[in-house]
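Take a look at the structure below.
Order of appearance sets the numbers: ligands from 1, and atoms from 1 within every ligand.
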Amino acid sequence: MILEIRNLSKSYGDKKALENINCSLSEGIYGLLGPNGAGKSTLINILVNNLVQNTGEVLFDGKDIRSLGVDYRSLLGFMPQQQSLFDSFTARKFLGYMGTLKGMEKKKLNERIEEVLSMVNLSEASDKRLGSFSGGMKQRILIAQAILNDPKILILDEPTAGLDPKERIRIRNMISEISFSKLVLIATHVVTDIEFISNEIMILKQGELIVKSQPAKMLDTIIDKVYELSVREEELPQVSSNWRICSMLKDSGSVIVRILSDEKPKGYDCRPVKPVLEDLYLYLFDDRIQPSPEVMYKLREALGRGCLV
Ligand code: ADP
C-alpha cells in the first residue's frame, strides 16, 4: 500500500495554502505537525477527497484517488476536526447511521459496532446520548466511526483537541493500538500528541513540507543546539535576551534553563543536552529564531534525497 502525493498545490484566491508537496506514505503512523495556518487541514481535506487541489495529484497504489471514487472511500476512515455530533443519538445509533452511510451491510455492521465500541472503551456508554458525553468520549466515538469499516487509511484531524492530559494520553495509546497494519495520518499542533507514537513526522511551514523523517533522525539536525545552563535568578533577563528559552526549573538558589543556541554559550555553567521534538519545533517556528541555513539544508536534503521519506 502506497499513497503518493505529487507536486500538490492549493490556493484560496491569492492565499497559498499548500505549495508543491511531494512525498510517499505507506503503512505506519505519520504525525503531521505545523502551527495554525500551516496547511494541515487543507492537505487532509485533499487526501480525503473533500477538497480539490489546483495542481498535482494523489495516487493510491498508482491510481489517482479522484478516479477511484467509492473504492477509495471504502479504504478510508476519517475523523474530522469539529465535534459536530447528533446530540440526541445514542452512541450505538450514531455508529449505525455512519455505517449505513458508508454502505456497510446490516448484519456485519451490527457486529462491528460492538467491536469498535469495545475498542474505544465505550461499550458501557453505548446506549447513552452523545449530548451527555464528555470531550474525551466524543473524540473516542468520532474515532470509532472512522474505524467502523476497518479502513486501510485512517486520517485523524486534531484527535485530542480540547482534551485534558489524562484523556490525551488515553487517545494517544488507543491510536497506537488500532493502527496496526494501517496507514495512519494524525494532524496536530501539539508536539507531544505524536512524538512517541509516530514512525515518521512531517512538518508543514507556511504550506511547504519542510521535513518528513523518523523523529530520531530529525532531532539529529539540532543535536548541538540545545543546552542547559545553571544560572542565578538575577541572570535570567540576560539569558532570555540572548537565547530562546525552552524551559526552566528553579533548583535551590539557582535556575536550570534549557535554551536553544547555534553556538555553545560562553561565560555560563552549561552542558549540551539531547534535543526533543519540542526543541526542534520551537527552533523552526519561534519568531525570534532564524533557523541556521545548515539545519534547514540538512532537513531539506533529507526530504529531497528521499532517504528519510
Ligand atoms: P491548518 O490546518 O494548519 O491550521 P489550514 O489548511 O486550515 O491550516 O489553512 C492554511 C491557510 O489557508 C491559512 O492561511 C488559512 O487562513 C487559509 N485558508 C484555509 N481555508 C481557507 C478558506 N476556505 N478560504 C480562504 N483561506 C483559507
Side-chain angles (χ1 to χ4, degrees), residues 3-25 29-59 65-66 72 76-85 135 138-139 142-143 145-146 151 153-163 168 171-172 175 183-195 197-213 215 218 277-287 289 291 296 299-300 303 309:
L3 195 66
E4 287 174 88
I5 301 174
R6 287 197 192 153
N7 309 322
L8 198 72
S9 296
K10 171 75 188 170
S11 299
Y12 301 98
D14 292 343
K15 174 80 207 164
K16 280 187 180 163
L18 289 178
E19 194 158 9
N20 201 29
I21 309 288
N22 281 285
C23 65
S24 303
L25 316 179
I29 302 186
Y30 296 84
L32 178 62
L33 261 187
N36 287 332
K40 302 179 299 292
S41 294
T42 302
L43 178 59
I44 276 188
N45 277 304
I46 293 172
L47 294 180
V48 300
N49 250 341
N50 281 346
L51 190 67
V52 180
Q53 64 270 30
N54 298 116
T55 58
E57 54 193 357
V58 181
L59 307 176
I65 58 167
R66 295 185 55 209
Y72 183 63
L76 194 68
F78 176 42
M79 174 190 179
Q81 203 177 100
Q82 60 281 52
Q83 294 196 354
S84 45
L85 294 177
K138 283 183 180 172
Q139 295 297 80
L142 280 173
I143 293 178
Q145 65 75 30
I153 303 175
L154 180 60
I155 298 187
L156 311 169
D157 198 357
E158 301 277 0
T160 63
L163 301 186
R168 274 178 187 276
I171 296 270
R172 205 162 64 202
I175 293 170
L183 185 171
V184 183
L185 180 66
I186 307 166
T188 181
H189 60 273
V190 183
V191 174
T192 47
D193 274 1
I194 52 162
E195 179 161 20
I197 61 167
S198 300
N199 302 94
E200 286 196 4
I201 290 176
M202 300 159 67
I203 300 183
L204 279 176
K205 185 174 186 178
Q206 292 167 355
E208 257 189 273
L209 182 62
I210 57 169
V211 68
K212 171 174 174 289
S213 146
M218 185 182 272
L277 195 56
E278 229 163 39
D279 301 324
L280 178 65
Y281 192 81
L282 211 58
Y283 188 81
L284 292 171
F285 293 107
D286 192 88
D287 291 342
I289 297 173
M296 294 314 288
L299 291 172
R300 280 178 209 279
L303 183 67
V309 174

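Looking only at side-chain heavy atoms (C-beta outward), L33 and T188 come within less than 4.5 Å of each other.
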Pair E200-L25, side chain to side chain contact (heavy atoms under 4.5 Å, CB included): steps then yes or no: CA-CA 10 Å; E200 286 196 4; L25 316 179; 5.8 Å; no

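Note that OG1 of T42 is 8.0 Å distant from NZ of K10, once rounded to the nearest 0.5 Å. Note that CG of L209 and CG of N20 are 10.5 Å apart. Values are rounded to the nearest 0.5 Å. Residue M218 holds its CE atom at 9.5 Å from CE of M202, rounded to the nearest 0.5 Å.
Residue-level contacts of ligand 1 at the 4.0 Å heavy-atom threshold are Y12, K15, A17, P35, N36, G37, A38, G39, K40, S41, T42.
Test I194, D193, T160 against I186 for side-chain contact (heavy atoms from CB on, under 4.5 Å) and you get one pass: I194.
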